Protein chains: 2
Amino acid sequence: MPRTVAERTDALPALAEVFREHGYEGASLSIIGKATGLGKGSLYHFFPGGKEEMARAVLAEIDGWFESHVFAPLREDARPRETVAAMFDAVETYFRSGDRVCLVGALALGEVRERFGESVKSYFERWLDALSVALVRAGWSGTDARALAEEAVVGIQGAIVLTRALDRPDLFQHIIARLRERLDAPSNGEPFGNAS
Amino acid sequence: MPRTVAERTDALPALAEVFREHGYEGASLSIIGKATGLGKGSLYHFFPGGKEEMARAVLAEIDGWFESHVFAPLREDARPRETVAAMFDAVETYFRSGDRVCLVGALALGEVRERFGESVKSYFERWLDALSVALVRAGWSGTDARALAEEAVVGIQGAIVLTRALDRPDLFQHIIARLRERLDAPSNGEPFGNAS
DNA sequence: GTCTATAAAGCGATAGAC
DNA sequence: GTCTATCGCTTTATAGAC
(Lines give C-alpha, C1' and ligand atoms only; values in the text may rest on other atoms or scores of the structure.)
Protein backbone atom coordinates (compact mmCIF):
# COMPACT_ATOMS: atom_id res chain seq x y z
CA MET A 1 0.00 0.00 0.00
CA PRO A 2 1.66 3.22 -1.14
CA ARG A 3 1.86 5.91 1.50
CA THR A 4 1.39 8.53 -1.17
CA VAL A 5 -1.40 8.13 -3.65
CA ALA A 6 0.03 9.30 -6.94
CA GLU A 7 -3.14 9.15 -8.99
CA ARG A 8 -6.75 9.22 -8.16
CA THR A 9 -7.08 5.80 -9.76
CA ASP A 10 -5.20 4.38 -6.79
CA ALA A 11 -7.94 5.52 -4.44
CA LEU A 12 -10.82 4.05 -6.43
CA PRO A 13 -10.85 0.52 -4.97
CA ALA A 14 -11.10 1.73 -1.38
CA LEU A 15 -13.58 4.37 -2.46
CA ALA A 16 -15.72 1.74 -4.15
CA GLU A 17 -15.80 -0.40 -1.04
CA VAL A 18 -16.93 2.56 1.05
CA PHE A 19 -19.81 3.35 -1.29
CA ARG A 20 -20.77 -0.30 -1.42
CA GLU A 21 -20.78 -0.66 2.34
CA HIS A 22 -22.38 2.64 3.31
CA GLY A 23 -24.29 3.76 0.24
CA TYR A 24 -23.92 7.21 -1.25
CA GLU A 25 -25.50 9.20 1.55
CA GLY A 26 -23.94 7.08 4.27
CA ALA A 27 -20.43 7.47 2.91
CA SER A 28 -19.18 10.51 4.78
CA LEU A 29 -15.94 12.26 3.95
CA SER A 30 -14.47 11.17 7.27
CA ILE A 31 -15.19 7.52 6.49
CA ILE A 32 -13.81 8.01 2.99
CA GLY A 33 -10.73 9.68 4.40
CA LYS A 34 -10.04 6.78 6.73
CA ALA A 35 -10.65 4.13 4.08
CA THR A 36 -8.43 5.76 1.47
CA GLY A 37 -5.84 7.12 3.87
CA LEU A 38 -6.32 10.53 2.27
CA GLY A 39 -7.13 13.81 3.97
CA LYS A 40 -9.77 16.14 2.69
CA GLY A 41 -7.14 18.24 0.98
CA SER A 42 -5.97 15.31 -1.11
CA LEU A 43 -9.47 14.11 -1.80
CA TYR A 44 -10.55 17.47 -3.16
CA HIS A 45 -7.31 17.70 -5.08
CA PHE A 46 -8.14 14.47 -6.92
CA PHE A 47 -11.87 14.98 -7.01
CA PRO A 48 -12.64 18.72 -7.25
CA GLY A 49 -16.32 17.88 -7.64
CA GLY A 50 -16.41 16.34 -4.18
CA LYS A 51 -18.37 13.26 -3.21
CA GLU A 52 -20.44 13.19 -6.37
CA GLU A 53 -17.33 13.13 -8.55
CA MET A 54 -15.89 10.35 -6.39
CA ALA A 55 -19.03 8.27 -6.89
CA ARG A 56 -19.01 8.93 -10.64
CA ALA A 57 -15.38 7.90 -10.87
CA VAL A 58 -16.15 4.69 -9.02
CA LEU A 59 -19.14 4.00 -11.25
CA ALA A 60 -17.02 4.60 -14.34
CA GLU A 61 -14.36 2.20 -13.06
CA ILE A 62 -16.92 -0.51 -12.33
CA ASP A 63 -18.57 0.08 -15.69
CA GLY A 64 -15.24 -0.14 -17.46
CA TRP A 65 -14.35 -3.36 -15.72
CA PHE A 66 -17.61 -5.06 -16.68
CA GLU A 67 -17.46 -3.61 -20.17
CA SER A 68 -14.04 -5.04 -20.92
CA HIS A 69 -14.20 -8.26 -18.88
CA VAL A 70 -17.83 -9.26 -19.42
CA PHE A 71 -19.90 -7.21 -21.88
CA ALA A 72 -17.39 -6.96 -24.76
CA PRO A 73 -16.54 -10.69 -24.75
CA LEU A 74 -20.24 -11.56 -24.71
CA ARG A 75 -20.85 -9.29 -27.68
CA GLU A 76 -17.80 -9.99 -29.74
CA ASP A 77 -16.28 -13.33 -28.89
CA ALA A 78 -17.13 -16.11 -31.31
CA ARG A 79 -17.42 -18.70 -28.51
CA PRO A 80 -20.67 -17.74 -26.76
CA ARG A 81 -20.84 -20.69 -24.37
CA GLU A 82 -17.38 -19.95 -23.07
CA THR A 83 -18.05 -16.25 -22.56
CA VAL A 84 -21.35 -16.94 -20.79
CA ALA A 85 -19.58 -19.36 -18.49
CA ALA A 86 -16.84 -16.80 -17.95
CA MET A 87 -19.53 -14.22 -17.08
CA PHE A 88 -20.83 -16.41 -14.27
CA ASP A 89 -17.28 -17.04 -13.10
CA ALA A 90 -16.66 -13.31 -13.04
CA VAL A 91 -19.90 -12.65 -11.19
CA GLU A 92 -19.16 -15.21 -8.50
CA THR A 93 -15.70 -13.80 -7.97
CA TYR A 94 -16.56 -10.14 -8.26
CA PHE A 95 -19.52 -10.21 -5.88
CA ARG A 96 -17.71 -12.59 -3.56
CA SER A 97 -20.61 -15.02 -3.51
CA GLY A 98 -23.08 -12.31 -2.69
CA ASP A 99 -21.12 -10.89 0.20
CA ARG A 100 -20.15 -7.90 -1.89
CA VAL A 101 -22.98 -5.67 -2.99
CA CYS A 102 -23.47 -4.58 -6.59
CA LEU A 103 -23.06 -0.83 -6.24
CA VAL A 104 -24.93 -0.17 -9.47
CA GLY A 105 -27.89 -2.21 -8.29
CA ALA A 106 -27.80 -0.58 -4.86
CA LEU A 107 -27.90 2.85 -6.46
CA ALA A 108 -30.87 1.74 -8.55
CA LEU A 109 -32.79 0.82 -5.42
CA GLY A 110 -31.51 3.68 -3.44
CA GLU A 111 -31.88 7.22 -2.62
CA VAL A 112 -30.28 8.93 -5.56
CA ARG A 113 -31.83 7.60 -8.73
CA GLU A 114 -31.98 10.83 -10.66
CA ARG A 115 -28.35 11.61 -9.85
CA PHE A 116 -26.82 8.44 -11.29
CA GLY A 117 -29.83 7.15 -13.19
CA GLU A 118 -28.29 7.36 -16.63
CA SER A 119 -25.14 5.43 -15.69
CA VAL A 120 -27.19 2.79 -13.91
CA LYS A 121 -29.57 2.39 -16.82
CA SER A 122 -26.79 2.15 -19.37
CA TYR A 123 -24.91 -0.48 -17.33
CA PHE A 124 -27.86 -2.83 -17.13
CA GLU A 125 -28.98 -2.20 -20.72
CA ARG A 126 -25.57 -3.11 -22.05
CA TRP A 127 -25.41 -6.18 -19.83
CA LEU A 128 -28.79 -7.42 -21.10
CA ASP A 129 -27.98 -6.63 -24.72
CA ALA A 130 -24.55 -8.26 -24.65
CA LEU A 131 -25.85 -11.39 -22.96
CA SER A 132 -28.71 -11.63 -25.46
CA VAL A 133 -26.28 -11.41 -28.35
CA ALA A 134 -24.20 -14.23 -26.91
CA LEU A 135 -27.24 -16.41 -26.31
CA VAL A 136 -28.50 -15.92 -29.85
CA ARG A 137 -25.06 -16.85 -31.09
CA ALA A 138 -25.29 -19.96 -28.93
CA GLY A 139 -28.40 -21.02 -30.73
CA TRP A 140 -31.32 -19.56 -28.78
CA SER A 141 -34.07 -17.70 -30.56
CA GLY A 142 -34.06 -13.93 -30.17
CA THR A 143 -37.10 -14.05 -27.92
CA ASP A 144 -35.77 -16.80 -25.69
CA ALA A 145 -32.35 -15.16 -25.53
CA ARG A 146 -33.89 -11.92 -24.27
CA ALA A 147 -35.97 -13.71 -21.67
CA LEU A 148 -33.00 -15.75 -20.47
CA ALA A 149 -30.76 -12.70 -20.30
CA GLU A 150 -33.33 -10.91 -18.16
CA GLU A 151 -33.68 -13.97 -16.00
CA ALA A 152 -29.94 -14.19 -15.45
CA VAL A 153 -29.36 -10.54 -14.57
CA VAL A 154 -32.49 -10.46 -12.39
CA GLY A 155 -31.35 -13.65 -10.71
CA ILE A 156 -27.90 -12.26 -9.99
CA GLN A 157 -29.26 -9.04 -8.48
CA GLY A 158 -31.90 -10.85 -6.48
CA ALA A 159 -29.36 -13.38 -5.30
CA ILE A 160 -27.18 -10.61 -3.90
CA VAL A 161 -30.14 -9.19 -1.96
CA LEU A 162 -31.21 -12.52 -0.53
CA THR A 163 -27.71 -13.75 0.19
CA ARG A 164 -26.90 -10.68 2.22
CA ALA A 165 -30.25 -10.76 3.97
CA LEU A 166 -29.85 -14.38 5.02
CA ASP A 167 -26.06 -14.30 5.28
CA ARG A 168 -25.80 -17.45 3.21
CA PRO A 169 -23.11 -17.45 0.52
CA ASP A 170 -24.10 -21.00 -0.45
CA LEU A 171 -27.46 -19.66 -1.61
CA PHE A 172 -25.72 -17.34 -4.02
CA GLN A 173 -23.64 -20.11 -5.49
CA HIS A 174 -26.65 -22.37 -5.74
CA ILE A 175 -28.61 -19.77 -7.69
CA ILE A 176 -25.71 -19.05 -10.02
CA ALA A 177 -25.29 -22.77 -10.64
CA ARG A 178 -28.94 -23.05 -11.61
CA LEU A 179 -28.68 -20.10 -13.97
CA ARG A 180 -25.61 -21.64 -15.56
CA GLU A 181 -27.55 -24.77 -16.43
CA ARG A 182 -30.52 -22.93 -17.76
CA LEU A 183 -28.49 -20.75 -20.11
CA ASP A 184 -26.17 -23.50 -21.16
CA ALA A 185 -27.65 -24.79 -24.37
CA PRO A 186 -30.90 -24.53 -26.30
CA SER A 187 -30.65 -28.16 -27.33
CA ASN A 188 -31.66 -29.16 -23.79
CA GLY A 189 -35.25 -28.38 -24.77
CA GLU A 190 -37.43 -25.35 -24.74
CA PRO A 191 -36.64 -23.23 -21.70
CA PHE A 192 -40.18 -22.86 -20.38
CA GLY A 193 -43.82 -22.18 -21.26
CA ASN A 194 -44.50 -19.36 -23.66
CA ALA A 195 -41.58 -17.01 -23.81
CA SER A 196 -43.66 -14.36 -25.53
CA MET B 1 -56.01 13.23 5.85
CA PRO B 2 -56.50 14.05 9.53
CA ARG B 3 -54.89 17.28 10.66
CA THR B 4 -54.08 15.71 13.98
CA VAL B 5 -52.39 12.36 14.06
CA ALA B 6 -53.96 10.52 16.93
CA GLU B 7 -51.73 7.49 16.98
CA ARG B 8 -48.30 6.80 15.67
CA THR B 9 -49.78 4.13 13.45
CA ASP B 10 -51.33 6.91 11.35
CA ALA B 11 -47.89 8.21 10.47
CA LEU B 12 -46.44 4.87 9.40
CA PRO B 13 -47.52 4.84 5.73
CA ALA B 14 -45.94 8.21 4.98
CA LEU B 15 -42.93 7.22 7.05
CA ALA B 16 -42.54 4.01 5.08
CA GLU B 17 -42.59 5.88 1.78
CA VAL B 18 -39.88 8.23 2.99
CA PHE B 19 -37.58 5.38 3.99
CA ARG B 20 -38.28 3.59 0.72
CA GLU B 21 -37.49 6.66 -1.37
CA HIS B 22 -34.50 8.00 0.54
CA GLY B 23 -33.10 5.03 2.42
CA TYR B 24 -32.37 5.11 6.11
CA GLU B 25 -29.48 7.54 6.06
CA GLY B 26 -31.08 9.74 3.43
CA ALA B 27 -34.33 10.11 5.31
CA SER B 28 -33.73 13.28 7.32
CA LEU B 29 -36.08 14.45 10.02
CA SER B 30 -36.98 17.48 7.94
CA ILE B 31 -38.06 15.26 5.03
CA ILE B 32 -39.92 13.02 7.46
CA GLY B 33 -41.59 16.04 8.99
CA LYS B 34 -42.84 17.26 5.65
CA ALA B 35 -44.03 13.84 4.52
CA THR B 36 -45.92 13.09 7.70
CA GLY B 37 -47.09 16.62 8.41
CA LEU B 38 -45.64 16.27 11.89
CA GLY B 39 -43.20 18.55 13.64
CA LYS B 40 -40.20 17.27 15.48
CA GLY B 41 -42.05 17.61 18.76
CA SER B 42 -44.76 15.25 17.62
CA LEU B 43 -42.35 12.85 16.00
CA TYR B 44 -40.33 12.47 19.18
CA HIS B 45 -43.54 12.21 21.16
CA PHE B 46 -44.58 9.18 19.10
CA PHE B 47 -41.09 7.78 18.57
CA PRO B 48 -38.94 8.62 21.60
CA GLY B 49 -36.16 6.51 20.12
CA GLY B 50 -35.90 8.84 17.14
CA LYS B 51 -35.23 7.76 13.59
CA GLU B 52 -34.22 4.25 14.49
CA GLU B 53 -37.49 3.65 16.31
CA MET B 54 -39.38 5.06 13.32
CA ALA B 55 -37.62 2.65 10.99
CA ARG B 56 -38.27 -0.28 13.33
CA ALA B 57 -41.95 0.62 13.52
CA VAL B 58 -42.13 0.76 9.73
CA LEU B 59 -40.36 -2.58 9.42
CA ALA B 60 -42.76 -4.12 11.93
CA GLU B 61 -45.73 -2.80 10.02
CA ILE B 62 -44.44 -4.15 6.71
CA ASP B 63 -43.59 -7.46 8.32
CA GLY B 64 -47.05 -7.68 9.85
CA TRP B 65 -48.72 -6.95 6.54
CA PHE B 66 -46.81 -9.66 4.71
CA GLU B 67 -47.22 -12.08 7.58
CA SER B 68 -51.01 -11.80 7.63
CA HIS B 69 -51.66 -11.24 3.90
CA VAL B 70 -49.03 -13.51 2.38
CA PHE B 71 -47.01 -15.75 4.70
CA ALA B 72 -49.83 -17.07 6.90
CA PRO B 73 -52.11 -17.99 3.96
CA LEU B 74 -49.21 -19.76 2.24
CA ARG B 75 -48.51 -21.76 5.40
CA GLU B 76 -52.01 -22.50 6.57
CA ASP B 77 -54.49 -22.30 3.73
CA ALA B 78 -55.52 -25.64 2.28
CA ARG B 79 -55.59 -24.28 -1.30
CA PRO B 80 -51.91 -23.77 -2.14
CA ARG B 81 -52.33 -22.83 -5.79
CA GLU B 82 -54.73 -20.07 -4.88
CA THR B 83 -52.52 -18.65 -2.14
CA VAL B 84 -49.45 -18.74 -4.41
CA ALA B 85 -51.40 -16.89 -7.09
CA ALA B 86 -52.60 -14.44 -4.45
CA MET B 87 -48.98 -13.92 -3.36
CA PHE B 88 -48.02 -12.83 -6.87
CA ASP B 89 -51.09 -10.60 -7.04
CA ALA B 90 -50.10 -9.02 -3.74
CA VAL B 91 -46.50 -8.56 -4.89
CA GLU B 92 -47.51 -6.83 -8.13
CA THR B 93 -49.85 -4.51 -6.30
CA TYR B 94 -47.67 -3.85 -3.28
CA PHE B 95 -44.50 -3.08 -5.22
CA ARG B 96 -46.46 -1.18 -7.85
CA SER B 97 -44.90 -3.16 -10.68
CA GLY B 98 -41.43 -2.53 -9.41
CA ASP B 99 -41.82 1.20 -9.05
CA ARG B 100 -41.99 0.84 -5.29
CA VAL B 101 -38.89 -0.48 -3.61
CA CYS B 102 -38.92 -3.34 -1.13
CA LEU B 103 -37.67 -1.60 1.98
CA VAL B 104 -36.56 -4.86 3.56
CA GLY B 105 -34.50 -5.75 0.52
CA ALA B 106 -33.06 -2.26 0.31
CA LEU B 107 -31.97 -2.47 3.94
CA ALA B 108 -30.35 -5.82 3.22
CA LEU B 109 -28.24 -4.28 0.48
CA GLY B 110 -27.70 -1.09 2.29
CA GLU B 111 -25.73 0.70 4.79
CA VAL B 112 -27.17 -0.54 8.04
CA ARG B 113 -27.15 -4.31 7.99
CA GLU B 114 -26.20 -4.90 11.59
CA ARG B 115 -28.83 -2.48 12.80
CA PHE B 116 -31.84 -4.18 11.19
CA GLY B 117 -30.22 -7.45 10.21
CA GLU B 118 -32.36 -9.66 12.41
CA SER B 119 -35.67 -8.27 11.15
CA VAL B 120 -34.50 -8.50 7.55
CA LYS B 121 -33.33 -12.08 7.98
CA SER B 122 -36.51 -13.19 9.67
CA TYR B 123 -38.71 -11.61 6.99
CA PHE B 124 -37.04 -13.44 4.14
CA GLU B 125 -36.71 -16.71 6.05
CA ARG B 126 -40.42 -16.77 6.79
CA TRP B 127 -41.25 -15.89 3.20
CA LEU B 128 -39.11 -18.75 1.86
CA ASP B 129 -40.42 -21.21 4.43
CA ALA B 130 -44.07 -20.32 3.91
CA LEU B 131 -43.78 -20.50 0.13
CA SER B 132 -42.02 -23.86 0.35
CA VAL B 133 -44.81 -25.24 2.51
CA ALA B 134 -47.42 -24.15 0.00
CA LEU B 135 -45.49 -25.61 -2.93
CA VAL B 136 -45.11 -28.96 -1.18
CA ARG B 137 -48.81 -28.93 -0.49
CA ALA B 138 -49.32 -28.23 -4.20
CA GLY B 139 -47.48 -31.42 -5.06
CA TRP B 140 -43.85 -30.44 -5.47
CA SER B 141 -41.12 -32.42 -3.80
CA GLY B 142 -39.50 -30.81 -0.81
CA THR B 143 -36.30 -30.18 -2.74
CA ASP B 144 -38.03 -28.68 -5.75
CA ALA B 145 -40.31 -26.61 -3.55
CA ARG B 146 -37.30 -25.05 -1.81
CA ALA B 147 -35.56 -24.31 -5.06
CA LEU B 148 -38.67 -22.77 -6.57
CA ALA B 149 -39.35 -20.70 -3.49
CA GLU B 150 -35.83 -19.32 -3.63
CA GLU B 151 -36.20 -18.67 -7.32
CA ALA B 152 -39.43 -16.76 -6.79
CA VAL B 153 -38.22 -14.54 -3.97
CA VAL B 154 -34.90 -13.93 -5.72
CA GLY B 155 -36.77 -13.13 -8.92
CA ILE B 156 -39.04 -10.65 -7.18
CA GLN B 157 -36.15 -8.83 -5.52
CA GLY B 158 -34.05 -8.82 -8.66
CA ALA B 159 -37.01 -7.65 -10.71
CA ILE B 160 -37.42 -4.64 -8.46
CA VAL B 161 -33.76 -3.71 -8.92
CA LEU B 162 -33.81 -4.08 -12.68
CA THR B 163 -37.19 -2.48 -13.17
CA ARG B 164 -36.12 0.62 -11.31
CA ALA B 165 -32.76 0.72 -13.07
CA LEU B 166 -34.32 0.53 -16.52
CA ASP B 167 -37.55 2.30 -15.60
CA ARG B 168 -39.59 -0.42 -17.23
CA PRO B 169 -42.64 -1.59 -15.27
CA ASP B 170 -43.47 -4.03 -18.07
CA LEU B 171 -40.29 -5.92 -17.25
CA PHE B 172 -41.48 -6.47 -13.70
CA GLN B 173 -44.82 -7.80 -14.85
CA HIS B 174 -43.15 -10.02 -17.41
CA ILE B 175 -40.90 -11.58 -14.81
CA ILE B 176 -43.73 -12.11 -12.37
CA ALA B 177 -45.78 -13.74 -15.11
CA ARG B 178 -42.96 -16.14 -15.84
CA LEU B 179 -42.58 -17.02 -12.16
CA ARG B 180 -46.31 -17.65 -11.93
CA GLU B 181 -46.11 -20.23 -14.68
CA ARG B 182 -43.10 -21.94 -13.27
CA LEU B 183 -44.59 -22.35 -9.80
CA ASP B 184 -48.02 -23.23 -11.04
CA ALA B 185 -48.10 -26.99 -10.98
CA PRO B 186 -45.65 -29.88 -10.73
CA SER B 187 -47.72 -31.87 -13.22
CA ASN B 188 -46.39 -29.65 -16.01
CA GLY B 189 -43.20 -31.65 -15.90
CA GLU B 190 -39.99 -31.51 -13.93
CA PRO B 191 -39.03 -27.88 -13.37
CA PHE B 192 -35.48 -28.09 -14.64
CA GLY B 193 -32.25 -30.09 -14.68
CA ASN B 194 -31.14 -31.47 -11.35
CA ALA B 195 -32.70 -29.53 -8.51
CA SER B 196 -30.28 -30.98 -6.04
C1' DG C 1 -50.15 16.63 21.37
C1' DT C 2 -47.92 20.32 18.82
C1' DC C 3 -45.09 24.17 18.40
C1' DT C 4 -40.60 27.11 18.39
C1' DA C 5 -36.11 27.71 19.95
C1' DT C 6 -31.91 25.82 20.63
C1' DA C 7 -28.11 22.81 21.68
C1' DA C 8 -24.28 19.85 20.15
C1' DA C 9 -22.37 17.32 16.65
C1' DG C 10 -21.33 16.13 12.01
C1' DC C 11 -21.68 17.28 7.30
C1' DG C 12 -19.54 18.80 2.61
C1' DA C 13 -16.56 22.03 1.05
C1' DT C 14 -12.88 25.80 1.00
C1' DA C 15 -8.55 28.39 2.10
C1' DG C 16 -3.99 28.81 2.90
C1' DA C 17 0.38 27.21 4.90
C1' DC C 18 3.92 24.09 3.82
C1' DG D 1 0.24 16.78 -3.00
C1' DT D 2 -0.94 16.93 1.84
C1' DC D 3 -2.07 19.11 6.00
C1' DT D 4 -4.85 21.87 9.52
C1' DA D 5 -8.14 25.22 10.43
C1' DT D 6 -12.36 26.89 9.51
C1' DC D 7 -16.73 28.27 7.20
C1' DG D 8 -21.66 27.69 6.66
C1' DC D 9 -25.05 24.54 6.81
C1' DT D 10 -27.76 20.52 8.17
C1' DT D 11 -28.25 16.92 11.11
C1' DT D 12 -30.40 14.48 15.34
C1' DA D 13 -32.18 15.42 19.54
C1' DT D 14 -33.86 18.13 23.62
C1' DA D 15 -36.36 21.78 26.34
C1' DG D 16 -40.03 24.35 27.46
C1' DA D 17 -44.08 27.18 26.22
C1' DC D 18 -48.81 26.53 25.02
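Residue numbers start from 1 in every chain, and the chains themselves are labelled A, B, ... in the order their sequence lines are given, proteins ahead of strands. Nothing here was measured: the structure is a model prediction, and the numbers come from that model.
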B/S/- along nucleotides 10-17 of chain C (protein heavy atoms under 4.0 Å) is -SBBB---
Once you measure the plane-to-plane angle for B:Phe71 and B:Trp127, does it fall in the parallel (<30°), tilted (30-60°) or perpendicular (>60°) bin? tilted
Tell me: CG of B:Leu38 to P of C:dC3, nearest whole Å? 7 Å
Nearest whole Å is fine: how far is D:dT4 C1' from A:His45 NE2? 17 Å
Determine yes or no for a side-chain-to-main-chain donor-acceptor pair under 3.5 angstrom, with A:Ser122 supplying the side chain and A:Glu118 the backbone. no
Across all chains, not counting sequence neighbours, the side chain to side chain contact (heavy atoms under 4.5 Å, CB included) partners of A:Ala35 are A:Val18
Excluding sequence neighbours, so at least two apart, what forms ring-ring contact (aromatic ring centres under 6.0 Å, His included) with A:His69? A:Trp65
Taking 4.0 angstrom as the limit, do B:Asp63 and B:Arg126 come out as a salt bridge? yes
